[in-house]
Amino acid sequence: MKTQTILKEHILPNSFYERDDVVSIAKELLGKYVYTNFEGVWTGGKIVETEAYCGATDKACHAHLNRRTNRTQTMFLKGGVAYVYLCYGIHHLFNIVTNKQDHADAVLVRGIEPTVGIEKMMERRNMKKLQNRITAGPGCLTQALGMTTDLDKSSVSGPDIWLTDYDLVNSKKATDVEESQVIKGPRVGIDYAGEDAKLPWRFSIKDNKWVSPAK
DNA sequence: TGGCTGATGCGA
DNA sequence: CGCATCAGCCAA
């Protein structure tokens, strides 16, 4: 059966994204699978590291206090679309918009465990041997998955980006990550956010080697 | 450890 | 307009 046909059965419902608790969504995204499909080439893997950003109250969020600019308007869209932007002039960062329209919440995906299209991802990363850093870190994984700002505002339920609970390699449904296997900690690279920099809104899977090295 | 890199959003 | 600021990464 075609990959696309299989994945359609396992797309996360939009009700998953439209909830108002972005921190819970960030945690629940651990263990889910994200894939991209460009020109028929599938790449992707299991989400192992995320961070929550909340537009209404969170100083670390681009849409802090519901600030609307050209860039942040994506976050005000209804949950279930991608927010992709350029960071430090070099790296594309992939976020998943959550909550209802006009509520600017998003989850930054920081690391995945590569499973599908590893050869293609190595090629995009200009890597001759497979190394952990292929998809560890938000800038790395977008490069490996071939994501750019072109995908800003596009759906995470296909046809380019596919957020699912399905493991293509083992042909089975994803299992929820046990609470005891979830590491919580402060978010990375947001010292400017004052007290909010301490919020434990970064989630990762315990002892997973594909989590980014940032502490 | 520092250099790279460019969009973004602010104030003049 | 100019200019400081960034939700990173990598070689060394």
Side-chain angles (χ1 to χ4, degrees), chain A residues 17 22-27 29-30 34 45 47-77 79 81-99 103-114 121-154 156 161 163 183-204 209-215:
Chain A
Y17 307 107
V22 65
V23 177
S24 296
I25 297 173
K27 190 172 75 173
L29 278 169
L30 294 178
V34 59
I47 297 175
V48 298
E49 184 179 352
T50 62
E51 285 178 4
Y53 289 83
C54 174
T57 58
D58 175 11
K59 276 190 192 154
C61 184
H62 293 156
H64 174 50
L65 298 179
N66 293 319
R67 187 175 61 150
R68 284 178 191 262
T69 65
N70 274 343
R71 181 173 61 163
T72 65
Q73 61 178 332
T74 304
M75 276 197 278
F76 289 87
L77 299 174
V81 297
Y83 170 42
V84 185
Y85 72 94
L86 193 64
C87 181
Y88 297 118
I90 305 173
H91 309 287
H92 298 271
L93 269 60
F94 169 55
N95 302 249
I96 300 159
V97 175
T98 70
N99 214 328
H103 294 255
D105 297 350
V107 175
L108 170 67
V109 181
R110 292 189 52 89
I112 69 172
E113 177 177 327
M121 292 196 281
M122 284 170 58
E123 179 191 317
R124 287 180 180 139
R125 298 274 293 120
N126 201 17
M127 210 175 250
K128 296 195 169 57
K129 284 182 180 175
L130 181 59
Q131 300 173 67
N132 286 5
R133 65 168 204 260
I134 184 172
T135 50
C140 292
L141 78 88
T142 53
Q143 189 183 8
L145 294 175
M147 290 175 168
T148 67
T149 50
D150 292 348
L151 291 173
D152 188 47
K153 297 188 183 64
S154 63
V156 295
I161 306 172
L163 238 311
I183 303 276
K184 305 176 182 66
R187 294 170 291 177
V188 176
I190 54 157
D191 292 344
Y192 60 89
E195 283 297 302
D196 288 348
K198 297 174 184 168
L199 292 170
W201 285 5
R202 176 184 183 217
F203 301 96
S204 61
K209 65 186 261 192
W210 305 100
V211 171
S212 78
K215 58 177 181 160

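A quick note: this is a predicted structure, and the numbers were derived from the prediction, not measured. A, B, ... follow the sequence lines: proteins, then strands. Residue 1 opens every chain. What's counted below: heavy atoms across the whole structure, side chains too, no hydrogens, waters or symmetry copies.
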- Okay, side chain of A:H92, backbone of A:Y85: is any donor-acceptor separation there less than 3.5 Å? no
- Taking only the side-chain heavy atoms of A:T69 (C-beta and beyond), determine which of C:dA11, B:dG9, C:dG8 contains the nearest atom. B:dG9
- Taking A:D105 for the side chain and A:G55 for the main chain, is one N or O donor matched with an acceptor at less than 3.5 Å? yes
- Query: What is the nucleic acid contact for A:L108, judged by heavy atoms within less than 4.0 Å: base, sugar-phosphate only, or nothing?
  - Reply: base
- Query: With a non-hydrogen cut-off below 4.0 angstrom, is A:G139 in contact with a base, only sugar-phosphate, or nothing?
  - Reply: sugar-phosphate
- Item | Side-chain-base donor-acceptor pair under 3.5 Å for A:H62 and C:dA7 | yes
- Counting heavy atoms from C-beta on, name the nucleotide in C:dG8, B:dG9, B:dG6 closest to the side chain of A:Y88. C:dG8
- Query: Any stacking of A:Y53 on C:dA7, going by centres under 5.5 angstrom and planes within less than 30 degrees?
  - Reply: yes
- Query: Could you state the CZ-P distance from A:R67 to B:dT8, rounded to the nearest angstrom?
  - Reply: 12 Å
- Base-pairing mate for B:dT5 - Watson-Crick or G-U, with both contacts under 3.5 Å: none
- Between OH of A:Y192 and P of B:dC10 the distance, given in whole Å, is 14 Å
- Message: By nearest atom, which of the nucleotides B:dG9, C:dC9, C:dA7 is closest to the A:T72 side chain?
- Response: B:dG9
- Examine distances only and state if a side-chain atom of A:S204 and a backbone atom of A:V211 form a donor-acceptor pair shorter than 3.5 Å. no
- Minimum-distance nucleotide to A:R125 side chain [options: C:dG8, C:dA7, C:dC10]: C:dC10
- Note on the structure: Of B:dG9, C:dC9, C:dA7, the nucleotide closest to the side chain of A:P138 is C:dC9
- Partner nucleotide of B:dG11 by Watson-Crick or wobble geometry (both distances under 3.5 Å): C:dC1
- Item | Donor-acceptor side-chain pairing of A:R124 and A:Q143 below 3.5 angstrom | no
